[in-house]
2 protein chains.
Amino acid sequence: MNFELDAYDRKILALMQEDARLSYSELGRRIHLTSPAVAERIRRLEEQGVIRGYGVQLNLRKLGYSFEALIQVTVRSHAELDSWAESHPEVLAVHATTGTYCALLHVALCSPEHLQAILKALGELGTSTTSVVLSSQHETRPRLPADQIRYE
Amino acid sequence: MNFELDAYDRKILALMQEDARLSYSELGRRIHLTSPAVAERIRRLEEQGVIRGYGVQLNLRKLGYSFEALIQVTVRSHAELDSWAESHPEVLAVHATTGTYCALLHVALCSPEHLQAILKALGELGTSTTSVVLSSQHETRPRLPADQIRYE
DNA sequence: CCTGAAAGCTTGTGCCT
DNA sequence: AGGCACAAGCTTTCAGG
């Protein structure tokens, strides 16, 4: 593994996690580097695959979703589940897991009827257990490199 | 609720979800609007809270994390769990939920020892059930407004 | 990694529909 | 109200050191 993040790379990543639209010049100003130096480092981080892309954090409520649910599913066929999820943009994530269940789905919902429709569709594929999300934290918090973490 | 996303707003959001660093000019070019018009729309979307921020999508593997886990927890005190999660950056999300468990934790791990340390810490707060994530999908896919979704 | 210059981007004002 | 055009000031992106 070639990842060798120095202090500058870590600062750049930290700043971009809080605001990915900061200009190279602004990033440079904050860490005392010129903009070409910052641009070159970011180009390298993208090329190495450390940076996978840049996204916008949307407010799901403002998009018309009133709540979220986590659905544990046991299915006959992962392929069937994948293709179902593929065509349903309200599926925020599908995690295939070890354990009692095959997968955990994270979905955004606009109404109880919407949830009911989804559970009905999942019923065709296997069995499910649903939990409604009351609150979420840290979903968009900055992520540190593992070597920054001390596990006591 | 004042959100009234027209076709231009939806196109801007769709493009920015795939690459939040596109310039206003480039966005304008792709949707046939001038850059001041795009800038004004984005400013409004930010002000309305539709756009909460811009983030960088990082490759956890390249940051030194080799796997992820989903941990269902039942705790005596949510406050205790929150303050523990607060000081642990490897916690990617904490979802408080209805159902059999109090919360679901999504964590990034660098080793089995790391997971063990986390489970030990959680053991002080309550009980937990762990599933290792085998694969994840759609975590960074574009999110459509709810009115774009037809639930059959 | 820095400087410096050319090309391109952002952002303000003013006008038009 | 919202978009367009233009211009001043920044930013990006090269080159060369």
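In what follows, every chain begins at residue 1, and chains take the letters A, B, ... in the order their sequences are listed.
- The pair A/E46-A/R43 does not count as a salt bridge, with every side-chain nitrogen at least 4.0 angstrom from each carboxylate oxygen.
- B/T130 places none of its side-chain heavy atoms less than 4.5 Å from the side chain of B/I118.
- A parallel orientation is assigned to the rings of B/H114 and A/Y151, their planes being inclined by less than 30° (bins at 30° and 60°).
- Put simply, chain A comes within 4.0 Å of DNA chain D, heavy atom to any atom, from D/dT11 to D/dC14, going 5' to 3'.
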B/S/- contact track for nucleotides 3-17 of chain C, protein heavy atom under 4.0 Å: B-----SBBB-----
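- The pair A/D6-A/R41 meets the salt-bridge criterion, since a charged nitrogen lies less than 4.0 angstrom from a carboxylate oxygen.
- Under the 3.5 Å distance criterion, the side-chain polar atoms of B/S131 are matched with a main-chain donor or acceptor of A/T98.
- Salt-bridge annotation for B/R44 and B/E40: absent, with no side-chain N of the basic residue lying under 4.0 Å from a carboxylate O of the acidic one.
- Cluster annotation: A/V107 and A/L58 are assigned to distinct hydrophobic clusters (Ile/Leu/Val/Met/Phe/Trp/Tyr, side-chain heavy-atom contacts under 4.5 Å, transitive).
- Direction of the helix axis in the helix from C/dC1-D/dG17 to C/dT17-D/dA1 shifts by 40° between the two five-pair termini, rounded to 10°.
- Among the heavy atoms of the strands lying under 4.0 Å from A/R41 are primed sugar atoms or P, OP1, OP2 only; no base atom is included.
- The number of heavy atoms from other shown groups lying within 6.0 Å of CD (B/Q116) does not exceed 12.
- One hydrophobic cluster holds both A/V91 and A/V73 under the rule that ILVMFWY side chains link at heavy-atom gaps under 4.5 Å.
- A donor-acceptor distance shorter than 3.5 angstrom exists from the side chain of B/R141 to the backbone of A/E86, with no hydrogens or angles considered.
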